[in-house]
Student: 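Sharing a structure below in structure tokens format, with a few things to ask.
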2 protein chains.
Amino acid sequence: MTDSRLPECGVARFLTLLNGPWATLIVRELLHGPHRFNQLREALPGISPHTLTSRLRQFERHGIVTRTTYAQIPPRVEYELTPLGEGLRDVLEAMGTWAMDVPDPAADVTV
Amino acid sequence: MTDSRLPECGVARFLTLLNGPWATLIVRELLHGPHRFNQLREALPGISPHTLTSRLRQFERHGIVTRTTYAQIPPRVEYELTPLGEGLRDVLEAMGTWAMDVPDPAADVTV
DNA sequence: CAGGATCCGTTCGGATACTG
DNA sequence: CAGTATCCGAACGGATCCTG
């Protein structure tokens with residue numbers, strides 16, 4: 001579908017910005033404050049460095065997070081939400097509270 | 001990652017319920033009222049019947065939409081949001097309004 | 001410690017053709 | 001009209017190894 005899906009729709013834009021299952025999870029973690037790379041890895045069990053880097057870089061490009069490097073040995077890099085990224089707090093909260101009200105259908109074979 | 005990602009987190013649950021780029025778009029369309037199958041197809045340029053059926057069926061299982069069949073020729077089937085699905089209105093709106101405030105970075109090669 | 005490079009598997013979705 | 005069946009391609013993510 002490339003990206004031709006209803007561009008006038010904010011929801012579609014949101015999905016482009018936070019695509020992939022890990023995106024929102026990472027943001028959610030950053031809502032707790034600045035994190036270092038490995039801090040995020042520990043907070044997100046199962047995520048690979050590849051994926052984490054990928055999402056983080058994308059967030060940078062969109063101005064959702066900032067990357068701060070401290071020139072020291074060993075290296076230290078911190079990721080922090082920008083005010084724009086902070087704005088996601090209410091959105092993620094809305095998503096979360098809604099989802100928790102959905103009963104569990106138990107079986108979910110999907111497709 | 002299967003599904004072992006922070007089950008206690010509502011956001012993760014949300015992503016499981018509305019997975020895939022089309023999911024939220026379909027719900028958004030249904031917020032305008034009941035739709036027939038082909039009505040949704042027309043409203044969502046580019047979606048394939050395969051995908052649409054897949055998402056719709058998933059929504060049914062989760063109690064987000066209802067499927068009503070009218071025994072007539074030609075067949076007539078209507079999809080409608082349940083009260084649970086209606087609850088997504090505020091969530092999608094929050095997503096949309098946030099996303100529209102994000103400036104366009106122009107280049108977005110992703111990964 | 002932070003992350004780039006590769007290779008590969010899974011999933012989601014598109015295309016097409018065919019039914020009740 | 002409203003799907004279903006099949007095949008296939010693209011994207012996202014995991015695993016592993018290596019580097020500044």
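Because only heavy atoms are used, hydrogens play no part in the values below, and waters and symmetry mates are left out as well, while side chains stay in. Just so we're on the same page: letters track the sequence lines, and every chain starts at 1. Every value quoted in this text rests on a predicted model; they were computed, and no experiment measured them.
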Student: Can you label the angle between the B:F37 ring and the B:Y79 ring as parallel, tilted or perpendicular, going by 30° and 60°?
Tutor: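 Taking B:Y79 first and then B:F37, their aromatic rings sit tilted (interplane angle of 30° to 60°).
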Student: Quick one: is C:dC1 close enough that its OP1 or OP2 comes under 4.0 Å of any side-chain N or O from A:R36?
Tutor: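 No, no such contact exists.
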Student: Please give, in whole Å, the distance from D:dG3 P to B:N38 CG?
Tutor: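 After rounding, the reported distance stands at 9 Å.
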Student: Within the pair B:S48 and C:dG14, is there a side-chain N or O less than 4.0 Å away from OP1 or OP2?
Tutor: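 Yes, such a contact exists.
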Student: So does A:T82 get a backbone contact from the side chain of A:T66, meaning a donor-acceptor N/O pair under 3.5 Å?
Tutor: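 Such a contact is absent between A:T66 side chain and A:T82 backbone.
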Student: Mind calculating the distance between CD (B:E60) and C1' (D:dA2) to the nearest angstrom?
Tutor: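 Rounding to the nearest Å, CD of B:E60 and C1' of D:dA2 are 13 Å apart.
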Student: Using a 4.0 Å heavy-atom cut-off across all strands, classify A:Y79 as base, sugar-phosphate, or nothing.
Tutor: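 Sugar-phosphate contact only - A:Y79 comes under 4.0 Å of backbone atoms but never of a base.
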Student: If we ignore hydrogens and angles and just use 3.5 Å, is the side chain of B:S54 paired with the main-chain N or O of B:H50 as donor and acceptor?
Tutor: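 Side chain of B:S54 to backbone of B:H50, a donor-acceptor pair under 3.5 Å: no, none is there.
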Student: Under the side-chain contact (heavy atoms from CB on, under 4.5 Å) rule, collect the residues that match up with A:A23, sequence neighbours excluded.
Tutor: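 For A:A23 the side-chain contact (heavy atoms from CB on, under 4.5 Å) partners, ignoring immediate neighbours, are A:L18, A:R55, A:F59.
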Student: Can you tell me if the side-chain N/O atoms of B:R76 get under 4.0 Å from OP1 or OP2 in D:dA2?
Tutor: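 Result: no.
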Student: Could you state the atom-to-atom distance from CZ of A:R41 to P of D:dG13 in whole Å?
Tutor: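 Spelled out: CZ on A:R41 to P on D:dG13 is 15 Å.
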Student: At less than 4.0 Å, is any side-chain N or O atom of B:T51 found next to OP1 or OP2 of C:dC12? Yes or no.
Tutor: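 Checking C:dC12 against B:T51, no side-chain N or O comes under 4.0 Å of OP1 or OP2.
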Student: Produce the list of close N/O pairs, under 3.5 Å, pairing protein atoms with atoms of nucleotides 4-7 of chain D; give distances to one decimal.
Tutor:
from  : atom 1 : to    : atom 2 : distance (Å)
D:dT4 : OP1    : B:R57 : NH2    : 2.7

Student: Expressed in angstrom and rounded to an integer, what is the separation of B:L17 atom CG from C:dC12 atom P?
Tutor: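 My rounded result for the distance is 13 Å.
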Student: Counting heavy atoms from C-beta on, name the nucleotide in C:dC12, C:dC1, D:dG14 closest to the side chain of B:P21.
Tutor: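 Nearest to the side chain of B:P21 among the choices is C:dC12.
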Student: Return the value, rounded to whole Å, for the distance between atom CZ of B:F59 and atom P of D:dG3.
Tutor: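 Taking atom P of D:dG3 as the reference, CZ of B:F59 is at 14 Å.
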Student: Could you check how far CG of B:L15 sits from P of D:dG13, rounded to whole Å?
Tutor: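 Rounded to whole Å, this separation is 11 Å.
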Student: Let me know the distance between CH2 of B:W22 and P of C:dC12, rounded to the nearest Å.
Tutor: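 In whole Å, C:dC12 P and B:W22 CH2 are 16 Å from each other.
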Student: Among all residues two or more places apart in sequence or in another chain, which pass the salt bridge (charged side-chain N to carboxylate O under 4.0 Å, His left out) test with A:R76?
Tutor: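 Residues passing salt bridge (charged side-chain N to carboxylate O under 4.0 Å, His left out) with A:R76: A:E78.
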Student: A:I47 CD1 to D:dG13 P: how many Å, rounded?
Tutor: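 Checked: the CD1 to P distance equals 8 Å.
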Student: Can you confirm whether B:I47 sits close enough to B:L25 that some side-chain heavy atom of one is under 4.5 Å from a side-chain heavy atom of the other?
Tutor: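 They are not in side-chain contact.
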Student: Does any non-hydrogen side-chain atom of B:T69 lie less than 4.5 Å from one of B:R67?
Tutor: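 Yes; the side chains approach each other to less than 4.5 Å.
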Student: Nearest to the side chain of A:N19 - D:dG14, C:dA2, D:dC12?
Tutor: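 The closest nucleotide is D:dC12.
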